[in-house]
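Remarks on the structure that follows.
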Amino acid sequence: MRVVGLIPARLESSRLPRKALADICGLPMILHVLHRAKLSEALDEVYVATDSEEIRRVVESQGGKVIMTSAAHQTGSDRLAEAVQDMPCDIVVNIQGDEALLDPAHVSAAVSALLDAPECQAGLLVTPFARTHSPSDIKVVLNCRDEVMYLSRQDIPSDARTPGREMLKAYHVVPFRRAFLLEYTRLPKTPLEAIEFNEYLRILEHGHRIKAARVVSECISVDTPADLDIVRGRMPTDPIWGLYRGKATV
């Protein structure tokens, strides 16, 4: 069983341009994600998949491995599918390039959950979440087998009759079975995917299953300048930063 971690990264971002290279404690964000992913015991190899020569130079300056891809991809999953087209592996883990506070142990949790659920073709981390009216955060509801039922930018489940109900947020570490990743990215885009602007709904709308792994984490995806400020504030005291700080130079 060969498990490969891939970090899709691009410079263009509508809400936070050039965020992959945003400085956090003297290191570009993409390098934080790379160093943390490489600490995961679940991954045999880690690559950054990008269309940017600037990102490539930064990653390779740290000894990181880069796979150059087309600039035409609309989703990170599409970029990963191109990157693994000829790569021998069994599981491909999509680790989003804006998860700067990634916990390597959570990568292992996501991979283990998928391997233990042969009926599922993809996995997803979820974590408890309390902030309401936050459309940049993807909320998730699960069935009784911890499989994803729906993902939304709205607050779900509803609090209309049950105030104080638990919410779960997607934490974007997404393992795929390689053969399914290649199949999924060829499937037609779906109505709910377009409404919610979330590519993983295509999996559900085509009748496939996503296994969730529950973890407790304060990680946030850096989507906005406010998110970046939060991560910059947390990083100096983050224990995982201490594991690679001495080796991380640009």
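What you see below is based on every heavy atom in this structure, not just the backbone, and it leaves out hydrogens, waters and symmetry mates.
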Any salt bridge linking Asp227 with Arg232? Criterion: basic side-chain nitrogen under 4.0 Å from a carboxylate oxygen.
no
What are the two closest heavy atoms between Glu166 and Pro157, and how far apart are they?
O-CD, 3.6 Å
Could you walk me through whether Arg56 and Met68 satisfy the side chain to side chain contact (heavy atoms under 4.5 Å, CB included) test, starting with their C-alpha distance in whole Å, then the side-chain angles of each, then the deciding distance to 0.1 Å, before giving a yes or no?
CA-CA 8 Å; Arg56 180 189 65 79; Met68 297 301 295; 3.7 Å; yes
Taking NZ, NE, NH1 and NH2 as the nitrogens, is one of them in Glu53 or Arg10 under 4.0 Å from a carboxylate oxygen of the other?
no
Between Arg18 and Glu54, is a side chain to side chain contact (heavy atoms under 4.5 Å, CB included) present by the stated rule, with each step listed?
CA-CA 10 Å; Arg18 296 179 61 82; Glu54 191 173 353; 2.6 Å; yes
Hydrophobic cluster identity match, Val3 and Ile210, side-chain contacts under 4.5 Å:
no
Tell me if a side-chain donor or acceptor on Thr162 pairs with a main-chain N or O of Arg165 at a distance below 3.5 Å.
no
Are Val148 and Ile91 joined in one hydrophobic group, where the rule is that I, L, V, M, F, W and Y side chains link up if heavy atoms are under 4.5 Å apart?
no
Out of curiosity, Leu31 CG to Ile24 CD1, how far, rounded to the nearest 0.5 Å?
10.0 Å
Calculate, to the nearest 0.5 Å, the distance between atoms CG and SG belonging to Leu43 and Cys89 respectively.
11.0 Å
According to the ring-ring contact (aromatic ring centres under 6.0 Å, His included) rule, which pairs have a member within residues 78-121, sequence neighbours left out?
His106-Tyr171
Can you give me the closest heavy-atom contact between Thr185 and Ser77, atom names plus distance?
CG2-O, 3.5 Å
Flag side-chain contact, heavy atom, 4.5 Å: Arg245 against Leu27:
no
Please report the shortest heavy-atom distance between Gly97 and Ile30, naming the atom on each side.
CA-CD1, 4.3 Å
Mark yes or no for whether Thr50, through its side chain, and Ala9, through its backbone, hold a donor-acceptor pair below 3.5 Å.
yes
Considering only heavy atoms from C-beta outward, does the side chain of Val93 approach that of Val4 to under 4.5 Å?
no
Could you see if Leu11 belongs to whatever hydrophobic cluster contains Ile67? Use Ile, Leu, Val, Met, Phe, Trp, Tyr and a side-chain cutoff under 4.5 Å.
no
Counting C-beta onward and ignoring hydrogens, is there a side-chain heavy-atom pair between Leu201 and Tyr150 closer than 4.5 Å?
yes
Co-membership, hydrophobic cluster, residues Val66 and Ile7, 4.5 Å side-chain
yes
Would Asp146 and Lys211 pass as an ion pair if we require N to O under 4.0 Å?
no
Check: Gln96 and Leu102 side chains under 4.5 Å, non-hydrogen atoms:
no
Close side-chain approach of Asp44 and Met1, heavy atoms under 4.5 Å:
no
Is the Tyr184 ring parallel, tilted or perpendicular to the Phe180 ring (thresholds 30°, 60°)?
parallel
Hydrogens and angles aside, do Lys189 and Gln74 bring a side-chain donor and acceptor to less than 3.5 Å of each other?
yes
Compile the donor-acceptor pairs under 3.5 Å between side chains in residues 125-140 and protein atoms, sequence neighbours left out, one pair per line.
{"from": "Thr127", "atom 1": "OG1", "to": "Val215", "atom 2": "O", "distance (Å)": "3.0"}
{"from": "Thr127", "atom 1": "OG1", "to": "Ser217", "atom 2": "N", "distance (Å)": "2.9"}
{"from": "Thr127", "atom 1": "OG1", "to": "Ser217", "atom 2": "O", "distance (Å)": "3.2"}
{"from": "Arg131", "atom 1": "NH2", "to": "Asp137", "atom 2": "OD2", "distance (Å)": "3.0"}
{"from": "Ser134", "atom 1": "OG", "to": "Asp137", "atom 2": "OD2", "distance (Å)": "2.3"}
{"from": "Lys139", "atom 1": "NZ", "to": "Ser134", "atom 2": "O", "distance (Å)": "2.7"}
{"from": "Lys139", "atom 1": "NZ", "to": "Asp137", "atom 2": "O", "distance (Å)": "2.7"}
{"from": "Lys139", "atom 1": "NZ", "to": "Arg153", "atom 2": "O", "distance (Å)": "3.0"}

Value for CG (Asp103) from CD1 (Ile240), rounded to nearest 0.5 Å, stands at 4.0 Å
If I take atom OG1 from residue Thr190 and atom CG from residue Leu204, how far apart are they, to the nearest 0.5 angstrom?
8.5 Å
Are Asp98 and Met29 packed together at the side-chain level, in the sense that at least one heavy-atom pair is separated by less than 4.5 angstrom?
yes
Glu147 CD to Leu124 CG distance, which is reported to the nearest 0.5 Å
12.5 Å
What are the two closest heavy atoms between Pro175 and Leu114, and how far apart are they?
O-CD2, 3.6 Å
Where do Arg177 and Cys120 come nearest, in terms of heavy atoms and distance?
NE-O, 2.8 Å
May I have the step-by-step check of side chain to side chain contact (heavy atoms under 4.5 Å, CB included) for Asp223 and Lys19, ending in yes or no?
CA-CA 8 Å; Asp223 292 315; Lys19 72 175 180 178; 3.5 Å; yes
Determine, using the 4.5 Å side-chain heavy-atom cutoff (strictly less than), whether Val173 and Leu142 are members of one ILVMFWY cluster.
no
Please list every donor-acceptor pair under 3.5 Å in which a side-chain atom of residues 78-87 meets a protein atom from a residue at least two apart or in another chain.
{"from": "Asp78", "atom 1": "OD2", "to": "Thr75", "atom 2": "OG1", "distance (Å)": "2.9"}
{"from": "Arg79", "atom 1": "NH1", "to": "Asp51", "atom 2": "OD2", "distance (Å)": "3.4"}
{"from": "Arg79", "atom 1": "NH1", "to": "Thr69", "atom 2": "OG1", "distance (Å)": "2.8"}
{"from": "Arg79", "atom 1": "NH1", "to": "Ser70", "atom 2": "O", "distance (Å)": "3.0"}
{"from": "Arg79", "atom 1": "NH2", "to": "Asp51", "atom 2": "OD2", "distance (Å)": "3.4"}
{"from": "Glu82", "atom 1": "OE1", "to": "Ser70", "atom 2": "N", "distance (Å)": "3.0"}
{"from": "Glu82", "atom 1": "OE1", "to": "His73", "atom 2": "NE2", "distance (Å)": "2.5"}

Do Tyr200 and Glu193 have a side chain donor and acceptor closer than 3.5 Å?
no
Looking only at non-hydrogen atoms, find the nearest pair between Gly123 and Val174 and report the distance.
O-CG1, 3.1 Å
How far does CD1 of Ile230 sit from CD1 of Ile220, to the nearest 0.5 angstrom?
4.0 Å
Between Glu41 and Ser108, do the side chains contain an N or O donor and an N or O acceptor separated by less than 3.5 Å?
no
Is any side-chain heavy atom of Pro188 closer than 4.5 Å to a side-chain heavy atom of His206?
yes
Can you establish whether the number of heavy atoms outside Glu45 located under 6.0 Å from its atom CD is more than 12?
yes
Member of His35, Met235, Arg234 meeting the side chain to side chain contact (heavy atoms under 4.5 Å, CB included) criterion with Trp241
Met235
Set out, in order, the CA-CA distance, both residues' side-chain angles and the distance that settles side chain to side chain contact (heavy atoms under 4.5 Å, CB included) for His32 and Tyr244, then state yes or no.
CA-CA 9 Å; His32 282 283; Tyr244 62 92; 2.6 Å; yes
State, yes or no, whether a side-chain contact exists between Leu168 and Arg214 at a heavy-atom distance under 4.5 Å.
yes
